[in-house]
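The model shown is predicted, which means the values in this text are computed figures rather than measured ones. So that the names make sense, note that chain A is the first sequence line, chain B the second, and so on, each numbered from 1.
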Protein chains: 2
Amino acid sequence: MGDVYQALADPTRRLILDELTERDGQSLFELCSRLVMRHGVTSSRQAISQHLAVLEDAGLVSSRRFGRTKLHHLHTEPLREIAERWPAEPKE
Amino acid sequence: MGDVYQALADPTRRLILDELTERDGQSLFELCSRLVMRHGVTSSRQAISQHLAVLEDAGLVSSRRFGRTKLHHLHTEPLREIAERWPAEPKE
DNA sequence: ACAATAGGCAAGTAGCCACTTGCATGTCAA
DNA sequence: TTGACATGCAAGTGGCTACTTGCCTATTGT
């Protein structure tokens, strides 16, 4: 299991999470096109694929194959831990 | 203003935030000692100082000098943005 | 004044990470 | 079955970053 914080460190990976928030269950090709069109991302398909692997390893994304395509789904549970680790007010 | 996500990417920096959560307003020397004692951190004083600069640049820590010491204070507001950026349920 | 304390600055280094490139695998449609 | 499509794998490269090292500044106490 990879590091959630490190997964969030890359701006392209955060855009992938944004894109999956808007439309869950996208394939790699869908994500690539929409990232280019809507967010001006210039990375190659392989780059996006590697980013997805990091996100999946961190438990933020799950994937399932359907024939020759692979659909990706968002999971936000690991993010809740971040907000809870450092409470709003420090200990007195 | 630096990147909050990138500031959180380093495990030592997260330990610094933990330490400031337990006891806010520590000096550099206090932080170094307690990180070694309680968390087994082996980094040098300069390393911790550079980490504090990153955290301060990201708006997670503020500092104020008192004579020859410098006290560091935690600010968790930038962390709230993370939980709000990706809501618990994706759009339908 | 002098020494000790708390911290800062800057250059150099080593390891990691994002990205590319090239090729391979598997699936659908004609 | 043949070609086009969707994805996977693996090695190589460049840049970033955490860390160290050495020296410097400023403050406090005796």
Side-chain angles (χ1 to χ4, degrees), chain A residues 1-20 23-37 39-73, chain B residues 1-20 23-37 39-73:
Chain A
M1 187 70 114
D3 188 349
V4 179
Y5 300 95
Q6 190 130 11
L8 291 177
D10 187 88
T12 303
R13 283 198 288 269
R14 296 196 293 269
L15 287 178
I16 292 177
L17 297 183
D18 289 340
E19 192 51 50
L20 286 178
R23 175 183 238 201
D24 200 31
Q26 294 189 52
S27 72
L28 177 59
F29 256 63
E30 268 183 285
L31 276 169
C32 286
S33 335
R34 293 179 57 125
L35 284 171
V36 174
M37 304 289 183
H39 304 280
V41 175
T42 62
S43 311
S44 68
R45 179 182 59 85
Q46 288 81 352
I48 304 297
S49 176
Q50 288 168 6
H51 281 311
L52 283 170
V54 174
L55 290 171
E56 195 162 355
D57 194 51
L60 289 166
V61 164
S62 70
S63 62
R64 191 172 164 203
R65 287 202 78 117
F66 290 94
R68 62 179 161 182
T69 72
K70 189 179 181 186
L71 301 188
H72 300 267
H73 293 270
Chain B
M1 186 70 115
D3 187 350
V4 179
Y5 299 95
Q6 190 129 10
L8 290 178
D10 187 89
T12 303
R13 282 198 288 269
R14 296 198 291 270
L15 287 178
I16 292 176
L17 297 184
D18 289 341
E19 193 50 51
L20 286 178
R23 175 182 236 198
D24 200 31
Q26 294 189 53
S27 71
L28 176 58
F29 258 64
E30 270 183 285
L31 276 169
C32 286
S33 334
R34 293 179 58 123
L35 285 171
V36 174
M37 303 290 183
H39 303 280
V41 174
T42 62
S43 311
S44 68
R45 179 182 60 86
Q46 288 80 353
I48 303 297
S49 177
Q50 287 167 8
H51 281 310
L52 282 170
V54 173
L55 290 170
E56 195 161 357
D57 194 51
L60 289 166
V61 163
S62 70
S63 62
R64 192 173 164 200
R65 286 201 77 118
F66 290 95
R68 63 181 161 181
T69 72
K70 189 179 181 183
L71 302 187
H72 300 267
H73 293 270

If I take atom [atom1] in residue [X] and atom [atom2] in nucleotide [N], what distance separates them, rounded to the nearest angstrom?
{"X": "B/Leu52", "N": "D/dC19", "atom1": "CG", "atom2": "P", "answer": "12 Å"}
{"X": "B/Leu28", "N": "C/dT5", "atom1": "CG", "atom2": "P", "answer": "15 Å"}
{"X": "A/Ile48", "N": "D/dG8", "atom1": "CD1", "atom2": "C1'", "answer": "16 Å"}
{"X": "B/Phe29", "N": "D/dT27", "atom1": "CZ", "atom2": "C1'", "answer": "14 Å"}
{"X": "A/Leu55", "N": "C/dA18", "atom1": "CG", "atom2": "P", "answer": "10 Å"}
{"X": "B/Glu30", "N": "C/dT5", "atom1": "CD", "atom2": "P", "answer": "16 Å"}
{"X": "B/Leu71", "N": "C/dA6", "atom1": "CG", "atom2": "P", "answer": "12 Å"}
{"X": "A/Asp57", "N": "C/dA18", "atom1": "CG", "atom2": "C1'", "answer": "16 Å"}

As a test of reading the structure: which of [options] is closest to the side chain of [X], going by heavy atoms?
{"X": "B/Ser44", "options": "D/dT20, C/dT20, D/dT7", "result": "D/dT20"}
{"X": "A/Arg45", "options": "D/dC19, C/dC28, D/dT7", "result": "D/dT7"}
{"X": "A/Gln46", "options": "D/dC19, C/dG22, D/dA6", "result": "C/dG22"}
{"X": "A/Asp10", "options": "D/dG8, C/dC9, C/dA18", "result": "C/dA18"}
{"X": "B/Gln50", "options": "C/dA18, C/dA10, C/dG7", "result": "C/dA10"}

Q.
Surrounding CZ of B/Arg64 (heavy atoms of other residues, nucleotides or ligands, distance under 6.0 Å), is the total greater than 12?
A.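 Counting other residues, nucleotides and ligands, CZ of B/Arg64 stays at 12 neighbours or fewer.
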
Q: For B/Gln6, report the nucleic acid contact type (base, sugar-phosphate, nothing); a contact means any heavy atom under 4.0 Å.
A: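 Since only primed, P, OP1 and OP2 atoms lie under 4.0 Å of B/Gln6, the category is sugar-phosphate.
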
Q: Show your working on side-chain contact (heavy atoms from CB on, under 4.5 Å) between A/Gln26 and A/His72 and close with a plain yes or no.
A: CA-CA 5 Å; A/Gln26 294 189 52; A/His72 300 267; 5.7 Å; no

Q: Look at the side chain of A/Arg68 and the base of D/dT7, then say whether one donor and one acceptor between them are separated by less than 3.5 Å.
A: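 Per atom types, no contact qualifies.
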
Q) In terms of the nearest nucleotide of DNA chain D, which residue is placed more toward the 5' end: A/Lys70 or B/Val54? A)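 Per heavy-atom nearest nucleotide, the more 5' residue is A/Lys70.
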
Q) B/Arg13 or A/Ser49: which one's nearest nucleotide on DNA chain D is closer to the 5' end? A)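 Residue closer to the 5' terminus by nearest nucleotide: A/Ser49.
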
Q | Distance test, side-chain N/O of B/His51 to OP1/OP2 of D/dC19, below 4.0 Å | A |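 Yes, such a contact exists.
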
Q) For the atom pair NE2 (B/His51) and OG1 (B/Thr12), what is the distance rounded to the nearest 0.5 Å? A)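 If we round to the nearest 0.5 Å, B/His51:NE2 and B/Thr12:OG1 are 4.5 Å apart.
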
Q) CD/A/Gln50 to OG/A/Ser43 distance, rounded to the nearest 0.5 angstrom? A)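 A/Gln50 atom CD to A/Ser43 atom OG measures 10.0 Å (nearest 0.5 Å).
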
Q. Between A/Ser43 and A/Phe66, which has a closest nucleotide on DNA chain C that is more 5'?
A.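 Its nucleotide being nearer the 5' end, the pick is A/Ser43.
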
Q: Write down the atom of A/Leu8, the atom of A/Arg14, and the distance for their closest heavy-atom approach.
A: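 Distance-wise, the nearest heavy atoms are O-NH1, 2.6 Å.
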
